[in-house]
Amino acid sequence: MAEDKPIIFKTYRDLPLMPASLGRMTVNDTGSWRNVEPYYIDHTPPCNLKCPAGNDIVNFLRLTSEGKFRQAWELILETSPFPGVCGRVCPHPCESECNRDKLGGVINIHSIERFLADMNFEAPIQEVSIKYPDKKVAIIGSGPAGLACAWHLNRAGYPSTVFESHPQAGGMMRVGIPDYRLPKEVLDREIAAIQAGGTEIKTSCRVGDDITFDELMKEYAAIFIAVGFHQSRALGAEGEGHHDVVPGIEVLKRIALGEAHGLKEKVLVVGGGNTAMDAARSAHRLGAEVTVVYRRTRNEMPAIPEEIDELLAEGIPIDFLTTPVKVHTNGDVIEKVECIRMKLGEPDSSGRRRPVPIEGSNFFVEADQVITAIGETPDLGFVSEDLKVERWGVIADDFGVTNIPGVFAGGDAATGEGTVTHAIGSGSRAASAIINFIQGGELSEKDKLSPSLQRVDSKVVRFEDLNLDYFERQERIEPSHIALEERRGKFTEIYQTMDAARALYEAQRCMSCGTCPACDNCFVFCPDAAIAYSDEPGQKYVIDIMHCKGCGLCASECPRMCVEMKPVK
Ligand SMILES: Cc1cc2nc3c(=O)[nH]c(=O)nc-3n(C[C@H](O)[C@H](O)[C@H](O)COP(=O)(O)OP(=O)(O)OC[C@H]3O[C@@H](n4cnc5c(N)ncnc54)[C@H](O)[C@@H]3O)c2cc1C
């Protein structure tokens, strides 16, 4: 939690801009009769609170609104090496509680992030220097968790080697999320920046096959396991061993790596998560007739809601409350899939209502291929047997600390959180823990907060906390996108990057909740002219406390709750 900042211990003689009361007499000093006094305090904006990567959203929006695009982008890079990726695929929880909602729609934060990343495309990356060459860290997996960890280690001066079993780096950003949502050039340029910072990535190198876990334990100062979820769950349907019953992640990987995808004409996709949505939309783009079946209803679908909308808009039907029970074959080919209708029963361990088969409701769906996408698990067969693992992943705390000193784990394989941004946050926290381990230190309570919350008070500013006299309704704008009829047969990116004028407008809609953007209201409204500009770094105003009578106008006229009146101590 940030400490209160009583910016009040200066005399009027120190003030860079003299208050109007300069010609003061001791008779108008307020010191003795003031019983409350103002403090500048930054509180937590809901966007910062909700960002799993710990991005300082309110401040990158402010910099953007001032046209300082490069600085805004660099501020994101302090917490995440993937603004171009996240600006495209993050389900943007930061927007979920944005106070702008009631005044024209939530700020289009992800589009601004994407704009900043894309417009700084050519910008040179700051060189980082390796300070601890003999403290190299091994990272297993080059997904967002592994690469974010490498990025933060490098910035702190630690070298790292990333081991990646695929021929190209990026994890699910490379082999899962298709080009129509995340073009590979965007990923390539952000990974290139990580490599330029000193990270070595060894591709086509599978830990367990090409190098053992024990060898890594001997050679490296610490290990970070970030292997994601790459093993597909079985359907549990009769006949699923057929060669045309294929896991969705396998199909997506083949497409991403330019291999023969082997898709047939009539494809039944089973599942309701992101893998199901992307496998179905990819197969549809490649000319297949696709149907999705999901055993619950739309409300329980784990896929990102916008992706479900896009799938439906692209003309792919979803048959809800349905699951396959048997794959019927005719010789070497699949002829049809027998499905059964479900109804929802009591909630299961996931909190979602359990689907229960309706006896006698079996029916057939014509299909010559089944793509399974009912969930994935990590493949942890390579780790030391002393490491505590469960079926769902490695047991680790929020900072990736496992039961073996020097071995850390994060991303999907430890948290199961299932988004790129969560994986980035997990990799960043693990980097802090690894540095502490190597340095023999302890994480302070402050270190345990995400970076964007370290500078602020824990009070979250809500709509009703704002002074609404200062905010007008302004409508949210969306980026343009290619028409539905242009999508078939192509993997062209659907959404386009906003231009600078739109990004500027959208950033200027930000109400900067709880964060002082130096709007001058306190300065203007102070009837005693006791507030002046500060020339101290990080401090916007100073208060000549001997002229403040504690009227509280600065606090009540602050649009965003950055001034608070407190009793005189
Ligand atoms: C189809 C699909 C679509 C998705 N869409 C979105 C989306 O729109 N938005 C979003 O936020 N999230 C999305 N996700 C989820 C997101 O991609 C993951 O949550 C995220 O990538 C997890 O990051 P990670 O670093 O933990 O693991 P991963 O990204 O899975 O990376 C792990 C890496 O480890 C490597 N590896 C595994 N075992 C070994 C080994 N023994 N040796 C060496 N390397 C190994 C793997 O090859 C892989 O490259 C999607 C996932 C899928 C499958």
Side-chain angles (χ1 to χ4, degrees), residues 47 50-55 57 60 76-96 109-114 116-118 139 141-152 162 164 166 168-194 201 224 226-230 248-249 252-253 256 273-278 302-307 310 375-376 378 393 400 409-431 450 452 493-495:
C47 51
K50 299 295 274 187
C51 177
N55 289 346
I57 294 169
F60 87 63
I76 304 175
L77 295 183
E78 283 184 20
T79 41
S80 161
F82 289 115
V85 171
C86 292
R88 288 170 165 83
V89 305
C90 178
H92 39 82
C94 55
E95 294 177 23
S96 64
I109 300 169
H110 70 286
S111 293
I112 296 171
E113 183 177 17
R114 169 180 170 156
L116 292 170
D118 287 8
I139 295 173
S142 70
L147 292 180
C149 181
W151 171 253
H152 288 287
V162 180
E164 170 53 56
H166 287 142
Q168 293 172 41
M172 282 304 186
M173 302 183 292
R174 170 83 55 194
V175 296
I177 306 174
D179 275 25
Y180 56 83
R181 295 207 286 128
L182 176 58
K184 297 299 171 275
E185 313 84 81
V186 176
L187 182 62
D188 288 343
R189 78 175 187 236
E190 294 192 332
I191 293 180
I194 296 169
I201 305 179
F224 180 50
V227 293
F229 282 174
H230 289 257
I249 48 169
L252 290 167
K253 187 178 101 183
N274 288 325
T275 307
M277 299 301 101
D278 280 330
I304 297 170
E306 284 95 329
E307 302 311 319
E310 294 279 355
E376 292 90 26
D412 281 0
T415 67
E417 286 164 319
T419 77
V420 168
T421 324
H422 281 96
I424 292 169
S426 163
S428 316
R429 291 193 299 277
S450 89
S452 65
E493 188 172 21
I494 297 173
Y495 285 91

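Scored by the side-chain contact (heavy atoms from CB on, under 4.5 Å) test, Cys90 finds Cys86, Pro93, Thr421 as partners (sequence neighbours excluded). Listed by chain and residue number, Phe82, Val85, Pro144, Leu182, Leu187, Val420 satisfy the side-chain contact (heavy atoms from CB on, under 4.5 Å) test with Met173 (two or more places apart in sequence, or in another chain). The side chain to side chain donor-acceptor pair (under 3.5 Å) check on Glu185 picks up nothing, with sequence neighbours excluded. Applying the side-chain contact (heavy atoms from CB on, under 4.5 Å) criterion to Ala193, with sequence neighbours excluded, gives Ile125. Residues passing the ring-ring contact (aromatic ring centres under 6.0 Å, His included) test with His152, sequence neighbours excluded: none. Remark: His110 pairs with His92 by the ring-ring contact (aromatic ring centres under 6.0 Å, His included) rule, at least two apart or across chains. Here Glu493 pairs with Arg88, Arg114 under the salt bridge (charged side-chain N to carboxylate O under 4.0 Å, His left out) rule; sequence neighbours left out. For Ser111, the side chain to side chain donor-acceptor pair (under 3.5 Å) partners at least two apart in sequence or on another chain are Asn108. Residues meeting the side chain to side chain donor-acceptor pair (under 3.5 Å) test with Ser142, sequence neighbours left out: Glu164. Residues meeting the salt bridge (charged side-chain N to carboxylate O under 4.0 Å, His left out) test with Arg181, sequence neighbours left out: Asp278, Glu307. Under the rule for a side chain to side chain donor-acceptor pair (under 3.5 Å), the partners of Lys184 that lie at least two apart in sequence or sit in another chain are Asp179.
Contact detail for Phe224 and Ala430: the closest heavy-atom pair is CE1-CB, 3.4 Å. In plain terms, the two heavy atoms of Pro52 and Arg429 that are nearest each other are O-NH1, 4.2 Å. Residue Ala303 comes nearest to Gly273 through the heavy atom pair CB-C, 3.5 Å, listed as atom of the first residue, atom of the second, then distance. Taking all atoms of both residues into account, the shortest heavy-atom contact from Ile424 to Ala53 is CG2-CB, 3.9 Å. Of all heavy-atom pairs between Ala150 and Val162, the closest is CB-CG2, 4.2 Å. The heavy-atom pair separating Ala413 from Val227 by the smallest distance is CB-CG2, 3.8 Å.
Side-chain polar atoms of Tyr495 and Glu310 form a donor-acceptor pair below 3.5 angstrom. Side-chain N/O atoms of Ser80 and Asn55 include no donor and acceptor closer than 3.5 Å.
Side-chain contact between Val175 and Leu252 is absent, with no heavy-atom pair separated by less than 4.5 Å. Between Ile191 and Arg174 the shortest side-chain heavy-atom distance falls below 4.5 Å. Counting only heavy atoms from C-beta outward, the side chains of Ile201 and Gln168 never approach each other to under 4.5 Å. Put simply, the side chain of Phe229 does not reach to within 4.5 Å of the side chain of Ile249, judged on heavy atoms.
The salt bridge (charged side-chain N to carboxylate O under 4.0 Å, His left out) contacts involving residues 418-427 comprise nothing, where partners must be two or more places apart or lie in separate chains.
No side-chain donor-acceptor contact under 3.5 Å links Glu417 to the backbone of Asp412. Side-chain N or O atoms of Trp151 include one that pairs as donor or acceptor with a backbone N or O of Leu77 at under 3.5 Å. Judged by distance alone, the side chain of Ser426 and the main-chain N or O of His422 form no donor-acceptor pair under 3.5 Å.
A distance of 8.0 Å separates CZ in Phe60 from SG in Cys51, rounded to the nearest 0.5 Å. Once rounded to the nearest 0.5 Å, the distance linking CD1 of Ile304 with OG1 of Thr419 reads 8.0 Å.
Tested against His230 for a side-chain contact (heavy atoms from CB on, under 4.5 Å), the candidates Lys253, Glu376, Met172 yield a single pass: Met172.
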